[in-house]
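Written below as structure tokens is the structure these notes are about.
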Amino acid sequence: MALGLDELLDRIEGPACFLGDGAAAYRELIAEKLGERAHFAPPPLMHQRAGVAAQLTKIAFENGKTTQADALTPFYVRASSAKKAAWKS
């Protein structure tokens, strides 16, 4: 089940980092709705990859922002291709 953008943004309580095609396409709306809680990956890091998460973490750390690893929670708007394939079998 996918959420509409407004419903997704309504569920975000704290700061959030956005990346991917949707973040680029809806950047203005996201920023307008979340204000200072919305953060966007720089263009070279905009695609979803494990290495991108590491780079964004490094940038945050260099800026004095830290958190516990178990406090990070990814929120997927829709199921992954692997999960969809598993449902079909």
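Note: hydrogens, waters and symmetry copies are ignored here, and every other heavy atom, side chains too, is used.
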Which residue pairs pass the side chain to side chain donor-acceptor pair (under 3.5 Å) test when at least one of the two sits in residues 21-42, sequence neighbours left out? Asp10-Lys33
Only counting residues at least two apart or in another chain, list the ones meeting side chain to side chain contact (heavy atoms under 4.5 Å, CB included) with Ala16. Ile12, Phe18
What residues, two or more places apart in sequence or in another chain, satisfy side chain to side chain contact (heavy atoms under 4.5 Å, CB included) together with Thr66? Phe61
Locate the shortest heavy-atom distance separating [X] from [Y]; write the atom from each residue and the value.
X: Ala41; Y: Cys17; answer: N-SG, 4.2 Å
X: Ala31; Y: Ala38; answer: CA-CB, 4.3 Å
X: Leu5; Y: Ile30; answer: CD1-CG1, 4.3 Å

Kindly write out the residues that satisfy side chain to side chain donor-acceptor pair (under 3.5 Å) with Glu62, not counting sequence neighbours, or none if the list is empty. Lys58
